[in-house]
Amino acid sequence: MDSTVGGILLIAALVGYAVFSVIHREKAGRKKAQSGEDKARVRALLQKALPEEGAFTPLYVHMSLGRHTVTHYVYALAVQPEKDRLWVVPVGREGELLYPGKPVLLALEQLGSVYFSLGVKEDVGNRLSSAEFYDTDRNRLLRLEVKDFEYREDRYHWLDVSQTDEASVYFQMMEKWAAQKPLEPKKKKK
């Protein structure tokens, strides 16, 4: 066999294996997410971290930001639409143990503006949103990306969570916040 043909077959086999493993991992993640085990871990983490009792909708968020150097952020969110509040809790990990950081409260009345965009709206289960929160001086406080479904695709993604209903609650609250406190264009300097 010609070495060129052998090389092409080897590359095709490696690409096929990579595609198969990604599809298999996502399918296994969806199946595990249906059990709700990791979603219960997020709720317990929030209950431990929040300073007060009260009803909330829990969400798990993983974000990868950066071009050349990628930084990973993991948060647990407690959404309280009836109070117009969002608790953001950084999450750390040691082995399989997850632990909460110091909770941060974002309340609508304290924010200067909110920018929100929702990606694919019709395809429930694959929705991705981006929200940016600003103070009254137009300084960005935080950026969040929330998805319907998170799965352990690599060592930086820690949980398998299907959160379609929870994400819908968050999306509705963010749309309301962005409508009430829209991000105005920057004023030009004279």
Side-chain angles (χ1 to χ4, degrees), residues 25-26 28-66 69-112 114-116 118 125 127-135 139-178 181:
R25 212 173 338 176
E26 184 173 349
R30 286 194 186 275
K31 185 175 181 181
K32 185 162 191 264
Q34 298 305 321
S35 75
E37 176 185 330
D38 284 345
K39 193 187 297 188
R41 290 177 70 188
V42 173
R43 178 172 285 285
L45 189 79
L46 286 165
Q47 287 172 333
K48 186 187 321 182
L50 296 181
E52 61 185 56
E53 293 293 319
F56 62 85
T57 301
L59 283 166
Y60 168 72
V61 177
H62 172 271
M63 298 187 324
S64 303
L65 301 176
T69 302
V70 177
T71 305
H72 298 272
Y73 300 93
V74 178
Y75 299 107
L77 305 181
V79 183
Q80 296 177 311
E82 65 286 345
K83 296 180 181 179
D84 275 328
R85 297 188 332 181
L86 175 67
W87 286 96
V88 181
V89 179
V91 178
R93 176 179 161 190
E94 279 187 31
E96 283 298 308
L97 176 67
L98 300 180
Y99 58 90
K102 182 179 178 188
V104 175
L105 175 62
L106 296 176
L108 180 61
E109 71 268 2
Q110 297 170 342
L111 295 171
V114 177
Y115 171 78
F116 178 72
L118 181 59
R127 297 176 296 179
L128 170 66
S129 73
S130 178
E132 296 179 8
F133 304 92
Y134 296 86
D135 65 14
N139 297 313
R140 184 165 69 178
L141 301 170
L142 183 67
R143 177 175 180 231
L144 292 172
E145 292 179 354
V146 174
K147 299 180 210 172
D148 279 335
F149 170 63
E150 293 276 0
Y151 71 99
R152 297 178 191 197
E153 61 185 86
D154 57 31
R155 66 184 173 143
Y156 302 108
H157 294 76
W158 302 336
L159 301 176
D160 295 305
V161 179
S162 178
Q163 52 191 11
T164 305
D165 295 337
E166 294 86 352
S168 293
V169 171
Y170 170 81
F171 297 156
Q172 289 172 3
M173 187 170 91
M174 289 302 105
E175 286 174 345
K176 178 183 142 192
W177 283 20
K181 298 217 174 182

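All values below come from the heavy atoms of this structure, side chains included, with hydrogens, waters and symmetry mates left out.
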Item to check | Within-4.5 Å side-chain heavy-atom neighbours: Leu59 and Val42 | outcome: no

Checklist entry - Hey, is the main chain of Leu108 close enough, under 3.5 Å, to the side chain of Lys181 for a donor-acceptor pair? => result yes

Checklist entry - Given side chains that start at C-beta, do those of Tyr60 and Gln163 come closer than 4.5 Å, heavy atoms only? => result yes

Checklist entry - Taking everything shown except Tyr134 itself, do over 12 heavy atoms lie less than 6.0 Å from its OH? => result yes

Item to check | Value rounded to 0.5 Å, distance of CZ in Phe133 from CH2 in Trp177 | outcome: 6.0 Å

Checklist entry - So, Tyr170 versus Gln172: side-chain donor-acceptor pair below 3.5 Å or not? => result no

Checklist entry - Out of curiosity, Leu142 CG to Leu106 CG, how far, rounded to the nearest 0.5 Å? => result 6.0 Å

Checklist entry - Hey, which of Leu46, Leu77, Val79 is the one that makes side chain to side chain contact (heavy atoms under 4.5 Å, CB included) with Thr57? => result Val79

Item to check | Donor-acceptor contact below 3.5 Å, side chain Glu132 vs main chain Phe116 | outcome: no

Item to check | Residues Arg85, Glu82: salt bridge by 4.0 Å N-O rule | outcome: no

Next on the checklist: Tell me whether Lys39 is salt-bridged to Asp160, with the criterion being a basic N under 4.0 Å from an acidic carboxylate O.
Outcome noted: no

Checklist entry - Does some side-chain heavy atom of Lys176 sit less than 4.5 Å from a side-chain heavy atom of Phe171? => result no

Item to check | Side chain proximity check, Leu86 to Met173, heavy atoms < 4.5 angstrom | outcome: yes

Checklist entry - So which of Leu118, Leu144, Asp148 actually passes side chain to side chain contact (heavy atoms under 4.5 Å, CB included) with Ser129? => result Leu118

Checklist outcome for this item: Minimal heavy-atom distance between Val91 and Ala76, with the atoms involved, is CG2-N, 3.6 Å

Checklist outcome for this item: For Pro103 and Ala49, the nearest pair of non-hydrogen atoms, with its separation, is CG-O, 3.3 Å

Checklist outcome for this item: Note: Arg143 and Ser130 closest approach over all heavy atoms is NE-OG, 3.6 Å

Checklist entry - Given Val89 and Leu50, is the side-chain contact (heavy atoms from CB on, under 4.5 Å) satisfied, shown in steps? => result CA-CA 8 Å; Val89 179; Leu50 296 181; 4.2 Å; yes

Checklist entry - Nearest heavy-atom pair of Val61 and Glu145: which atoms, and what distance? => result CG1-O, 3.0 Å

Checklist outcome for this item: When every non-hydrogen atom of Arg127 is compared with those of Ser168, the smallest separation belongs to NH2-OG, 2.8 Å

Checklist entry - Hey, are the side chains of Val74 and Leu98 touching, using non-hydrogen atoms and a 4.5 Å cut-off? => result no

Checklist entry - What are the two closest non-hydrogen atoms of Arg43 and Phe56, and how far apart are they? => result NH2-O, 3.5 Å

Checklist outcome for this item: Interatomic distance, NE2@His62 vs NE2@His72, rounded to 0.5 Å, equals 5.0 Å

Checklist entry - In terms of heavy-atom contacts, does CD of Glu94 have more than 12 from other residues, nucleotides or ligands at under 6.0 Å? => result no

